[in-house]
A.B. asks: 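Next up is a structure, given as structure tokens.
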Amino acid sequence: MIVLSILTGILYPFVMTGASQVLFSRQANGSLIATSDGKPLGSSLIGQPFDDPKYFWSRLSATGLAAYNASNSSGSNLGPTNPALIQEIQGRIDALHKADPSNKDSIPVDLVTSSASGLDPHITSAAAQYQVKRIARVRGISESTLQELIQKHTQGRFLRLLGEPGVNVLELNLELDGIQARS
């Protein structure tokens, strides 16, 4: 029992931690996105709240009082007829219409519902496309430039088979700020 405890409780975790640091350092340290001076801005794996009209908005978070709180990851478990879910969805629809009253396109579902974990850092390409006119107007950037950014930050299916393509909102918004800073 002592030998197995040392092997599985000390040696194995030590070897795996060391291997992950050597082979997958970025991922093992949380896939952090940092500024040029090394200050972390966030993780490419955890969503962040964006509600300023000049940014692409993320999916809603269902992690409780503190949005995108990784220590409280869970879905809302609200059924489709639950008044709280309907109110949450209507609130987001109203916010989207208020931010861009001229946009009469259908709102993609991922802009008005939270993800299963409440932490999803991605939105669909359709959700990003829906927001292009608002951001172009607010920032004074051409829609074609925004389309190129969306294309650049769209991540494909895992192994070209699993999941859906998605756009990482934090990475997209950081590059969007970078373009503005260079202009």
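Because only heavy atoms are used, hydrogens play no part in the values below, and waters and symmetry mates are left out as well, while side chains stay in.
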A.B. asks: Is there side-chain contact between V167 and S125, with heavy atoms separated by less than 4.5 Å?
C.D. replies: yes
A.B. asks: Tell me the closest heavy-atom pair linking L32 and P40, and the distance in Å.
C.D. replies: CD1-CB, 4.4 Å
A.B. asks: Between D110 and T124, what is the shortest heavy-atom contact and its length?
C.D. replies: OD2-N, 2.8 Å
A.B. asks: Could you work out the complete set of other residues in the hydrophobic cluster of L60, with links drawn between I, L, V, M, F, W and Y side chains under 4.5 Å apart?
C.D. replies: none
A.B. asks: Which other residues belong to the hydrophobic cluster containing I2, where Ile, Leu, Val, Met, Phe, Trp and Tyr are joined when side-chain heavy atoms lie under 4.5 Å apart, directly or via other members?
C.D. replies: I6
A.B. asks: Given the rule in the side-chain contact (heavy atoms from CB on, under 4.5 Å) test, do L96 and V112 qualify, once you have shown the distances and angles that lead to the verdict?
C.D. replies: CA-CA 9 Å; L96 288 164; V112 296; 4.1 Å; yes
A.B. asks: Among all residues two or more places apart in sequence or in another chain, which pass the salt bridge (charged side-chain N to carboxylate O under 4.0 Å, His left out) test with K152?
C.D. replies: E175
A.B. asks: Using the side-chain hydrogen bond (donor to acceptor under 3.5 Å, both in side chains) rule, collect all pairs that involve residues 82-93, keeping only residues at least two apart or in two chains.
C.D. replies: Q90-D94
A.B. asks: If you measure from OG on S114 to CG on L119, what distance do you get to the nearest 0.5 Å?
C.D. replies: 10.0 Å
A.B. asks: Starting from V15, can I reach I10 by hopping between I/L/V/M/F/W/Y residues whose side chains sit under 4.5 Å apart?
C.D. replies: no
A.B. asks: Can you check whether R157 reaches P165 side chain to side chain, under 4.5 Å on heavy atoms?
C.D. replies: yes
A.B. asks: Tell me, please, which residues at least two apart from D120 pass salt bridge (charged side-chain N to carboxylate O under 4.0 Å, His left out).
C.D. replies: R59
A.B. asks: Which pair of heavy atoms, one from I135 and one from L176, lies closest together, and at what distance?
C.D. replies: CG2-CD2, 3.8 Å
A.B. asks: Between N173 and D177, is the side-chain contact (heavy atoms from CB on, under 4.5 Å) condition met? List the steps.
C.D. replies: CA-CA 6 Å; N173 284 334; D177 279 346; 5.6 Å; no
A.B. asks: Mind listing the closest non-hydrogen atom pair of P101 and K98 along with its distance?
C.D. replies: CD-O, 3.7 Å
A.B. asks: With rounding to the nearest 0.5 angstrom, report the OG to NE2 distance, S44 to H153.
C.D. replies: 12.0 Å
A.B. asks: For a side-chain contact (heavy atoms from CB on, under 4.5 Å) check, start with the C-alpha distance between H122 and N168, then their side-chain angles and the critical distance, and finish with the verdict.
C.D. replies: CA-CA 4 Å; H122 297 88; N168 189 297; 3.8 Å; yes
A.B. asks: Answer yes if F56 and I93 sit in the same cluster of Ile, Leu, Val, Met, Phe, Trp and Tyr residues linked by side chain heavy atoms under 4.5 Å apart, and no otherwise.
C.D. replies: yes
A.B. asks: Could you tell me which non-hydrogen atom of L111 sits nearest to which non-hydrogen atom of S58, and how far apart they are?
C.D. replies: CD2-O, 4.4 Å
A.B. asks: Please check: side-chain N/O of S20 versus main-chain N/O of T17, any donor-acceptor pairing under 3.5 Å?
C.D. replies: yes
A.B. asks: Let me confirm one number: the CD1-CG distance from I89 to L78, rounded to the nearest 0.5 Å.
C.D. replies: 9.0 Å
A.B. asks: I123 vs W57, test: side-chain contact (heavy atoms from CB on, under 4.5 Å). Steps then yes/no.
C.D. replies: CA-CA 9 Å; I123 56 175; W57 292 357; over 6 Å; no
A.B. asks: Enter the distance from D105:CG to Q131:CD here, rounded to the nearest 0.5 Å.
C.D. replies: 12.0 Å
A.B. asks: When you group the ILVMFWY residues by side-chain heavy-atom contacts below 4.5 Å and let the links chain together, are L45 and F158 in the same group?
C.D. replies: no
A.B. asks: So, for A136 and L146, which heavy atoms are closest and what is the spacing to 0.1 Å?
C.D. replies: N-CD1, 3.5 Å
A.B. asks: Give a yes/no verdict on a cation-pi contact between R134 and Y55, requiring under 6.0 Å between NZ or CZ and the six-membered ring centre and an angle within 45° of the axis.
C.D. replies: no
A.B. asks: Counting only heavy atoms from other residues, nucleotides and ligands, does the tally under 6.0 Å from CD of Q21 exceed 12?
C.D. replies: yes
A.B. asks: Under the rule for ring-ring contact (aromatic ring centres under 6.0 Å, His included), what residues qualify as partners of Y130, not counting sequence neighbours?
C.D. replies: none
A.B. asks: In Å and rounded to the nearest 0.5 Å, what is the CD to CG distance from Q48 to L174?
C.D. replies: 8.0 Å
A.B. asks: Measuring from atom CG of L170 to atom CD1 of I33, what distance do you get when rounded to the nearest 0.5 angstrom?
C.D. replies: 4.0 Å
